[in-house]
Amino acid sequence: MEVHFDAELWIWEARRTDAWTFVTLPGDISDEIRELGGPRRGFGSMRVQVRIGATTWRTSIFPDSTRGYVLPVKRAVRKAESLDPGDTARVTVAVLDL
């Protein structure tokens, strides 16, 4: 399963000093992923391959009780793509291990 969406980067409030930055997957996409089943990892996470701009990497998406799934966007990606919290990025997510 591969999905494309635009999302705003935001900082996780509980860890602001660490600048953990995420994007939220849209609700309908989160619902589709949840319905897929498949193997889950720690904290209910799922392995994914992500592309923002010219940068591609593997990570995990994590379920959030109020947001659906959230995707961490590491500092190296933000730097390579000139992104800051509050910016909107075009995101491609491919769910792995289905």
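Computation of the quantities below employed the complete heavy-atom set of this structure, encompassing side-chain atoms and omitting hydrogens, waters and symmetry-equivalent molecules.
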> For the atom pair OG (S30) and CD1 (I61), what is the distance rounded to the nearest 0.5 Å?
Replying inline: 7.0 Å
>> Over 60° means perpendicular and under 30° means parallel, so tell me whether W10 and F22 are parallel, tilted or perpendicular.
In response: parallel
> Hey, what do you get for CZ (R51) to OG1 (T56), rounding to the nearest 0.5 Å?
Replying inline: 6.0 Å
> For I33 and M46, what are the C-alpha separation, side-chain angles and deciding distance, and is it a side chain to side chain contact (heavy atoms under 4.5 Å, CB included)?
Replying inline: CA-CA 9 Å; I33 292 171; M46 294 187 74; 3.4 Å; yes
>> I need the W20 CH2 to I11 CD1 distance, nearest 0.5 Å.
In response: 13.0 Å
>> Let's go through V48 and T59 carefully: what are the C-alpha distance in whole Å and the side-chain angles of both, what is the deciding distance for side chain to side chain contact (heavy atoms under 4.5 Å, CB included) to 0.1 Å, and is it a yes or a no?
In response: CA-CA 6 Å; V48 294; T59 187; 3.9 Å; yes
> Going through the distances and angles, do I29 and Y69 end up as a side chain to side chain contact (heavy atoms under 4.5 Å, CB included)?
Replying inline: CA-CA 9 Å; I29 292 173; Y69 279 95; over 6 Å; no
>> Using 0.5 Å steps for rounding, measure from the CD atom of E8 to the CG atom of D6.
In response: 11.5 Å
> So, the side chain of T21 versus the backbone of V73: is there a donor-acceptor pair under 3.5 Å, distance only?
Replying inline: no
> Got a second to check how far E81's CD is from R90's CZ, nearest 0.5 Å?
Replying inline: 14.0 Å
> For the residue pair W57 and P72, what are the closest heavy atoms and their distance?
Replying inline: CZ2-O, 3.9 Å
> How close do F5 and T24 get, heavy atom to heavy atom, and via which atoms?
Replying inline: CE1-O, 3.9 Å
>> Nearest 0.5 angstrom please: K79 NZ to T55 OG1, how far?
In response: 12.5 Å
> Which atoms form the tightest heavy-atom contact between S60 and L71, and what is the distance?
Replying inline: O-CD1, 4.3 Å
